[in-house]
K.L.:
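To start, I am sharing the structure in question, which I have written as structure tokens.
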Amino acid sequence: RSAWGVSEDEVVMATMAEPLRWADARVAADLVGRVAVAGRRVRLLVHPAAERRVEAHRWMRHLGIESLLLVDDEAAEPWRVLPGVDAAWIPGGDPSGRMAVVGSSASPDRWGIRGLLLGGDRRHRPAPSVLPMLWAMAAGRPVIAEAHGGSMWILGAEDAAAAGRLIPPGDVSRAAEALARLHDDRDAAAAAGRQGRRVVDGRYHISGFCVRLRDAWVRLVEDRPV
């Protein structure tokens, strides 16, 4: 936050999505602008590798709030900005939500296998929505997410509902209300972040995955259904 020139009383919302669509950038700029106009101190951070970050910059300049945009040119991977942010905005990504559904028959060719399994890196595009949301939750950051396949699958679970807020796709007003609440009630925001971390530790941690993988392997060896 010191490198970004952000004070402790400001709320930084990061747009956590790759690829970032034109509409995603514009919605992010709009919702931060609405919260700022209401007198709250908020900033928008867009990862430098994000597609359409130029659109976010152009639209914020059009709105007269260009100074609220942050770009971290030092962070090579998007999850590295999370320690300095207060909330994560998760756009819908693929509107069909196909890539987010377990057992989906959708082809991984669009993002590549590394994008699907690892969330992308410096050379490979990550699949949208799911992994950025888990990155934010693992970092203890509350999330505001458009209700598409992956986000509904994660935040729709009973134990994860308190970790963030699902909003209808493209509903800037609802997203702005959610960000304003996080700004006004820091205790509630911290509680949402802690719940997100608990969900990731309990449901998505690597140790739990290894246990499930071992059990599946044993069932296969014993010719039992997985």
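What you see is a predicted model; the values in this text were computed from it and never measured.
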K.L.:
Would you tell me whether His57 and Arg61 have side-chain atoms, one donor and one acceptor, within less than 3.5 Å of each other?
P.N.:
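Checked: His57/Arg61 side chains pair up, N/O donor to acceptor below 3.5 Å.
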K.L.:
Please determine whether side chain to side chain contact (heavy atoms under 4.5 Å, CB included) holds for the pair Val81 and Trp4, giving the CA-CA distance in whole Å, both sets of side-chain angles, and the decisive distance to 0.1 Å.
P.N.:
CA-CA 10 Å; Val81 302; Trp4 300 338; 4.1 Å; yes
K.L.:
Donor-acceptor pairs are to be reported for all side-chain atoms of residues 29-36 against protein atoms at under 3.5 Å, with residues two or more places apart or in another chain.
P.N.:
unit_1	atom_1	unit_2	atom_2	d
Asp30	OD1	Trp59	NE1	2.4
Arg34	NH1	Ser173	OG	2.8

K.L.:
At what distance, to the nearest 0.5 angstrom, does CG of Leu155 lie from CD1 of Ile90?
P.N.:
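Answer rounded to 0.5 Å: 9.0 Å.
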K.L.:
Can we say Glu10 and Arg1 salt-bridge, meaning some charged N sits less than 4.0 Å from an Asp/Glu carboxylate O?
P.N.:
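Looking at Glu10 and Arg1, the cut-off is not met.
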K.L.:
So do the side chains of Met13 and Val42 get within less than 4.5 Å of each other, counting heavy atoms only?
P.N.:
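Met13 does not reach Val42 side chain to side chain.
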K.L.:
Are Ser7 and Arg41 close enough, and set up right, to give a side chain to side chain contact (heavy atoms under 4.5 Å, CB included), and what steps lead you there?
P.N.:
CA-CA 9 Å; Ser7 63; Arg41 292 173 57 81; 3.2 Å; yes
K.L.:
Quick check: closest heavy atoms across Ala136 and Ala88, and the distance to 0.1 Å?
P.N.:
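Between these two residues, the closest heavy atoms are CB-CB, 3.6 Å.
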K.L.:
I'd like to know whether Leu68 forms a side chain to side chain contact (heavy atoms under 4.5 Å, CB included) with Leu44, so could you lay out the CA-CA distance, the side-chain angles of the two residues, the decisive distance to 0.1 Å, and finally the verdict.
P.N.:
CA-CA 6 Å; Leu68 301 183; Leu44 171 66; 5.8 Å; no
K.L.:
For Leu82, does its backbone N or O pair with a side-chain atom of Arg141 as donor and acceptor, under 3.5 Å?
P.N.:
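The answer is yes, because a donor-acceptor pair under 3.5 Å joins these two groups.
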K.L.:
Which distance, rounded to the nearest 0.5 Å, do you find between the CG of Asp171 and the CG of Leu166?
P.N.:
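So the gap between those two atoms works out to 12.5 Å.
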K.L.:
Given side chains that start at C-beta, do those of Val27 and Pro91 come closer than 4.5 Å, heavy atoms only?
P.N.:
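Contact flag for Val27/Pro91 side chains = no.
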K.L.:
Strictly distance-based, threshold 3.5 Å: is any side-chain N or O of Gln195 a donor or acceptor partner for the main-chain N or O of Asp159?
P.N.:
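Answer holds: yes.
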K.L.:
Rounded to the nearest 0.5 Å, what separates atom CZ in Arg80 from atom CH2 in Trp135?
P.N.:
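Those atoms lie 11.5 Å apart.
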K.L.:
How long is the span from the CZ atom in Arg43 to the CG atom in Leu70, to the nearest 0.5 Å?
P.N.:
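Rounded to the nearest 0.5 Å, the CZ-CG separation comes to 4.0 Å.
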K.L.:
Could you grab the distance from atom CD1 of Ile154 to atom CZ of Arg203, nearest 0.5 Å is fine?
P.N.:
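Going from CD1 on Ile154 over to CZ on Arg203, the span is 7.5 Å.
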K.L.:
What are the two closest non-hydrogen atoms of Val199 and Ala160, and how far apart are they?
P.N.:
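Of all heavy-atom pairs spanning Val199 and Ala160, the closest is CG2-CA, 3.7 Å.
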K.L.:
Can you give me the closest heavy-atom contact between Val46 and Ala56, atom names plus distance?
P.N.:
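Looking at all heavy atoms of both residues, the shortest contact is CG2-CB, 4.4 Å.
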K.L.:
Using residues 218-226 as the side-chain source, report each donor-acceptor pair under 3.5 Å to any protein atom, sequence neighbours left out, with the distance given to one decimal.
P.N.:
unit_1	atom_1	unit_2	atom_2	d
Arg219	NH1	Pro225	O	3.3
Glu222	OE1	Arg224	NE	2.8
Glu222	OE1	Arg224	NH2	2.8

K.L.:
To the nearest 0.5 angstrom, please state how far the CE atom of Met16 sits from the CG atom of Leu45.
P.N.:
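Between atom CE of Met16 and atom CG of Leu45 there are 9.0 Å.
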K.L.:
To check you understand the geometry: which heavy-atom pair defines the closest contact between Arg186 and Glu8, and what is its length?
P.N.:
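That would be NH1-O, 3.9 Å.
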K.L.:
Testing Val143, Ile144, Asp86 one by one against Leu182 for a side chain to side chain contact (heavy atoms under 4.5 Å, CB included), which residue passes?
P.N.:
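Exactly one option meets the side chain to side chain contact (heavy atoms under 4.5 Å, CB included) with Leu182, and it is Ile144.
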K.L.:
Does Ser151 reach the main-chain N or O of Glu146 with its side chain, forming a donor-acceptor pair under 3.5 Å?
P.N.:
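Side chain of Ser151 to backbone of Glu146: a pair is present.
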